Amino acid sequence: MDLTQITVTIAGAALIALNLWFFFGKKEAVHVSAKDKGGLYACPMHPWITSNDPTADCSICGMKLVRSDEVGK
């Protein structure tokens with residue numbers, strides 16, 4: 001194998017590893033109900049990203065989370 005093939009193979013393996021880490025990596029589970037903490041906040045662009053912290057940011061795009069009843073309006 002020449003240097004180009006080795007480089008492409010390593011870059012492909014790194015890309016696969018990064019994709020697996022991004023989609024299946026460590027995730028924080030929210031097990032506390034929204035009523036217990038005074039509300040649930042979600043990202044307007046990624047509504048599956050939620051938090052009980054009103055000052056939290058989306059882990060994907062960095063937007064401020066808004067109350068989940070405001071998402072989709």
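Bear in mind that the values here come from a model prediction, so they are computed numbers and not experimental data.
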Between OH on residue Tyr41 and CG on residue Asn52, distance to nearest 0.5 Å: 9.0 Å
Counterpart residues, side-chain contact (heavy atoms from CB on, under 4.5 Å), relative to Ile60 (two or more places apart): His46, Trp48, Ile49, Cys58
Applying a strict under-4.5 Å side-chain criterion to I, L, V, M, F, W and Y, I'd like to know whether Ile16 and Phe23 cluster together. yes
Between Asp57 and Leu65, is there a side-chain heavy-atom distance shorter than 4.5 Å? no
Quick check on the hydrophobic clustering: are Phe22 and Phe24 connected, directly or via other members, by side-chain heavy-atom contacts under 4.5 Å? yes
When Thr7 is tested against each of Ile10, Thr4, Leu3 for side-chain contact (heavy atoms from CB on, under 4.5 Å), which residue passes? Leu3
Of all heavy-atom pairs linking Pro44 and Lys64, the shortest is CD-O, 3.8 Å
Note: Leu40 and Ser51 closest approach over all heavy atoms is CD1-O, 3.5 Å
Shortest non-hydrogen contact between Pro47 and Ala42, atoms and distance: O-CB, 3.9 Å
Working note: Asp2 + Gln5, criterion side-chain contact (heavy atoms from CB on, under 4.5 Å); need CA distance, chi angles, decisive distance, verdict. CA-CA 6 Å; Asp2 64 342; Gln5 289 176 328; 3.2 Å; yes
